Protein chains: 2
Amino acid sequence: MHDRVRFPLVLMLIAVPCGTHAAALDQASLNGATRLRDAALKSTEAYALVESLTTEVGPRFAGTPGDRAGVEWAERELDRLGFRNVRRMPVTVPRWVRGEAQLRIDDDTSRSLVAVALGGSVGTTDEGIRGDVVAFDDVAALQEADRADVEGRIIYLRKRMQRLRDGASYGDVVANRRDGPSAAAAKGAVALVIRSVGTDDARFAHTGSIQYRSDAPRIPAVAISNPDADMLDRLIASRKVPKLHLVSTSRELPPTSSANVIGEIPGTDRADEIVLLCGHLDSWDLGQGALDDGAGVAIAMAAAHLIAQMEPKPRRTVRVVLFANEEFGLSGSNAYRASLDEAALRNHAATLEADSGDGPVYELRSRVGPEQHSLVRQIQRVLAPIGVAPGDNEATGGADTRALLRAGIPVLGPRLDATRYFDHHHTANDTLDKVDPQRLNQSVAAFAVAAYLAAREDATFARVTAPVETD
Amino acid sequence: MHDRVRFPLVLMLIAVPCGTHAAALDQASLNGATRLRDAALKSTEAYALVESLTTEVGPRFAGTPGDRAGVEWAERELDRLGFRNVRRMPVTVPRWVRGEAQLRIDDDTSRSLVAVALGGSVGTTDEGIRGDVVAFDDVAALQEADRADVEGRIIYLRKRMQRLRDGASYGDVVANRRDGPSAAAAKGAVALVIRSVGTDDARFAHTGSIQYRSDAPRIPAVAISNPDADMLDRLIASRKVPKLHLVSTSRELPPTSSANVIGEIPGTDRADEIVLLCGHLDSWDLGQGALDDGAGVAIAMAAAHLIAQMEPKPRRTVRVVLFANEEFGLSGSNAYRASLDEAALRNHAATLEADSGDGPVYELRSRVGPEQHSLVRQIQRVLAPIGVAPGDNEATGGADTRALLRAGIPVLGPRLDATRYFDHHHTANDTLDKVDPQRLNQSVAAFAVAAYLAAREDATFARVTAPVETD
C-alpha cells in the first residue's frame, strides 16, 4: 500500500469510496466489528462498572485508602469478567493532603469564597495570609507586570474557560493553574488565587495540579468557583481593592505505593502484539471520580470484555491498563513505560485512551502510519451510523499514552464530546448522576470497534513521529 | 357590588367578559398600570439591586455581620431611591452558628458525604456520633416503625422532592426536615440525616430550619446532597448496612438584634391605607441570598420605585417592608405584626410578598373579598400580555404575610415560577448568576401593576377569612 502514502487523507476518501480494494481487514472482521458495535449499544456493563466503582469505592486520590480500594476493586472486577493475566504493577506515588482551604473577604462581613487548594500547593500558617488582591487575566499578563504591583500581594488570575466540544479552551487556561503559582511568587506575591478552570456556573472550585519552579518560592495557591470569581470581578470593577484572608492546611507526606492494574484478552496468531486500551483508576479526592475517570475505566473494561466474546477472535492481545495516579504526576503511565524494554515497547501496536468523560465519541482521530490509513477509515465507517465523523491524523494521545507516543507507538483516538465535561472536572460534583448510560455505551461501541479492528488488522503497525510538545 | 358576592369567580369570568361595567378603577389608573408594566420590563433597576446586595453584602444570616450589613444596605438604598419614612424596626433574632458538619462512611475509605447541619440543630461532641444507618421514606414511615429498629441508629429519610412549577412538592417533603429530628429522637435515634429538600443533581446540601419538640431529646440533624443520598440509597440497596460517622460543631448563641427595614411611597387621598409589598432581607448563610430572597427584595423595591414615578399617583401608601430573619423563625414579620394596634392593622389594605425567586410570574392568585374580585381581574388583564394567567382566590400568602392574613388582611399573590428555584434554595449555590434579568423584570412588572392598582382601587378592601392551617 506504499504507493498511497503521499495522498492526503482527504483525497483518499474521495478516491476510494468503497475502501474494499485496499482493505487490510477481511469481511469477517468487519462483520464482527458491526456486531460488536451493536452489542455495545445494548450492554449495561459499562454503566454498572461506573456505578460499582463510585458506590463501593468513591474517590481514589493517589496514596489514599480510596486509591487502594480502587486497585482491589479493579483486580476483582477484571477477574470476575474473565480477563487473563490480571495483575498489579506496583507504582510509587506522591502523597499530598488537601486539608481545608478557607478564603474570606477580609472585611467586616468576613464572607467566604468557595475555594480549594491546588494539587501540590503548600499550606499557610495557622494565622493564614492577608493581602490586597491584584487581578490579571492570565500568566502572560502577570509576567509583564511590574514587580512593584505584585510584591506582597495576593494575585488573582481571572481568565475564564470557554465551553467547546473539543475542550480546547482547557489548554488555553490551564497555564494559570499550572504555572501561576511560581510566576506570581517570582515577583514576590504571597499567594495565588485562580478562577477555576471549568465551564460551569455552580459553586464548585476545580482542583488540579500545579508545577512549582525551583527558582521561585513556594506560595499557597487555590482555585475559586466561577460564581465567586464573578463576585471578585464585580468587587474589583467597583474600584475597591478587596483584601483576602487565606488559610490552607494542605501539606505533603512521604511517597507511598499504588498500582497499575492490568488484564488481557489474549490474541490468537499475533498474541505478542498489544493493542492497549486504557484509562486511569485514580481520581481527585473531591468527587467520586465518575466522569474522571470512572467512565474511562468502564469504557476500557467493557470494550475489552465485549471483544472477548466476539468471533472472529482478536489476533493481537487487547491489554487493558488502568493507570495509577494520572492526576497528580502520571506516576502510573511513567512506571508502565519504564517497565518496557525495547522488544516489549516494539510489541505495542497502538494505544487507545479514554479520559474525557462519558462521551459520546464524535470523531475518530488517529496518529498512524500510512499502512494503517485504511484501517482507520474502516473503523470510522463502522462507527459512522452512531455519529462518529472522520478526524485528522494529528492525534496527540491522552496524558497517559503520551510517553508511548513519544516512543513512536501509534494512537487511535476516538474523541469524546467534552461539552459538559469541564462543568464537573476536578470538582466535588463529579458523581455518578453525571454519567449518561446511552452516551457511555456509544463510547464503548466506538472504543471497542477501534480496538477490535486494530487487533484484527493484517498489516504490521508502522511507528509514528510524535508531535512537537510545547510545554 | 354586593349582589355579585355569591357567584364563584369562574362564573364571573364567563358572565362579565369585558369587566367594564363593574370596574372599581378608572381608565387613567389602567393606563398608568400599562405604562408601569412596560417601564418595568425595560428597567435595569431590580437586577442592579440584587447585584449590589450580593456583591457588597453577600449572605445575611440572622444576627451575623452580614445581616447587619444588609440592614445598612437596605436603609441606604431606600434613601437613595427617594423612599419616604425610611426606618428600621428593631427585631430580636436568634443566633445559631452552623459550624462544620463532617459526615463520613465509617469504613476503610472514610469517604465524605456533602452534608450541612440543619438550622437550629445541636452539634455533636468532638468524637462525633457513629451508628448504623436505617432508612425510611419519610417521617410518616418513621413514625410507624418499631422503636427497636430506630433506637441507637442514625436515621436516614430518603424521600426526594419533585420538580414542579408551583413548588408544591416542597410542602410534601419539608416535614422530613422540620419534624424529622424529634420524630427520630422520640424513638431513640442518635442522629438524623435527610436527603436535601431540593430538586437539583448537584453536590450541594440544602439547609433549612427544624423544629425540636419539647418531649424528645435534641439530636444532631444534617441534610446531604442528592448525589450523596443516591449513593447512600445504592449502598443500602446492595444489602449492606452502611455505618456513618457524624461530627457537627453547630451551636446556639444568645439572641441578638436585627431590624426590619421600611420605606414608603406615600399615597394621596387614602395615604393612611397601606398596600404592603415585601420580601425578606435575611438569607441563609451558605450562599449569597440571591434568589432567596435578594430577588424578592429587588422586586419589592423596584416595583415600589417605579410606582413612585407613575401618574396618576397611588392613592394608598405603598409600603415596602424588608423583613428580618424570615429563614430562622419569622422574627421580622412577627415583630411587625406585634407592632400593629387594631387601627394600624385595619389600615392594611392588602399584602404582596415576593419570596420564591426571580420568576417569571405565571399566575395571579388572590385572597380577597368579593368587592375586590373586579380589581383582581383587571390586574390580571393588564398582565395577561406578559404571560400571567388568572388564578384562584385561595392564596395562602407567603411566610412573612401569614400573620397578617390570619388577621384578615387580603392577599394579592403574583405566583413566581418555582421550576428551578428549589435547585438552589438554601444552598451555597444561591448566587447572582442564577438570577435572570428578564425573568426578574417580568416579576417586577407583575408586582408593580398589582400593587399600583390595589393602591388606586376605589372600593374599601374587605377583610378575608384565613385558610385553615394544618401545621
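Keep in mind the model is a prediction, meaning the values are calculated, not measured. So you know, we letter chains A, B, ... as the sequences are listed, proteins then strands, and number each from 1.
- With a 4.5 angstrom heavy-atom cutoff, A/Ala428 touches chain B via backbone and side-chain atoms both.
- Using a distance-only test at 3.5 Å, with no hydrogens or angles considered, no donor-acceptor pair links the side chain of A/Asp433 to the main chain of B/Pro227.
- Proximity to chain A (any heavy atom under 4.5 Å) is shown, for B/Ile105, by neither the backbone nor the side chain.
- Among B/Leu235, B/Asp230, B/Val57, the residue making the largest number of heavy-atom pairs under 4.5 Å with chain A is B/Val57.
- For A/Leu232, no part sits under 4.5 Å from any heavy atom of chain B, backbone or side chain.
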Steps toward side-chain contact (heavy atoms from CB on, under 4.5 Å) verdict (B/Met231, A/Glu51)
CA-CA 9 Å; B/Met231 186 194 66; A/Glu51 179 174 322; over 6 Å; no
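- Between A/Pro65 and B/Arg111, the closest side-chain pair of non-hydrogen atoms is not below 4.5 Å.
- Distance alone, capped at 3.5 Å, is enough to place a donor-acceptor pair between the B/Lys434 side chain and the A/Asp201 backbone.
- Surrounding CG of B/Asp108 are at most 12 heavy atoms belonging to other residues, nucleotides or ligands under 6.0 Å away.
- Highest contact tally toward chain A, considering only B/Gly58, B/Ser238, B/Ala202, B/Gly66, is held by B/Ala202 [criterion: heavy-atom pairs under 4.5 Å].
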Give the C-alpha distance, both sets of side-chain angles, the deciding distance and a yes or no for side-chain contact (heavy atoms from CB on, under 4.5 Å) between B/Thr431 and A/Arg203.
CA-CA 8 Å; B/Thr431 50; A/Arg203 209 146 172 233; 3.5 Å; yes
Verdict with reasoning, A/Leu432 to B/Arg234, per side-chain contact (heavy atoms from CB on, under 4.5 Å)
CA-CA 11 Å; A/Leu432 177 65; B/Arg234 294 194 302 270; 3.3 Å; yes
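- With respect to chain B, the highest number of heavy-atom pairs below 4.5 Å among A/Thr54, A/Thr109, A/Asn429, A/Thr64 belongs to A/Asn429.
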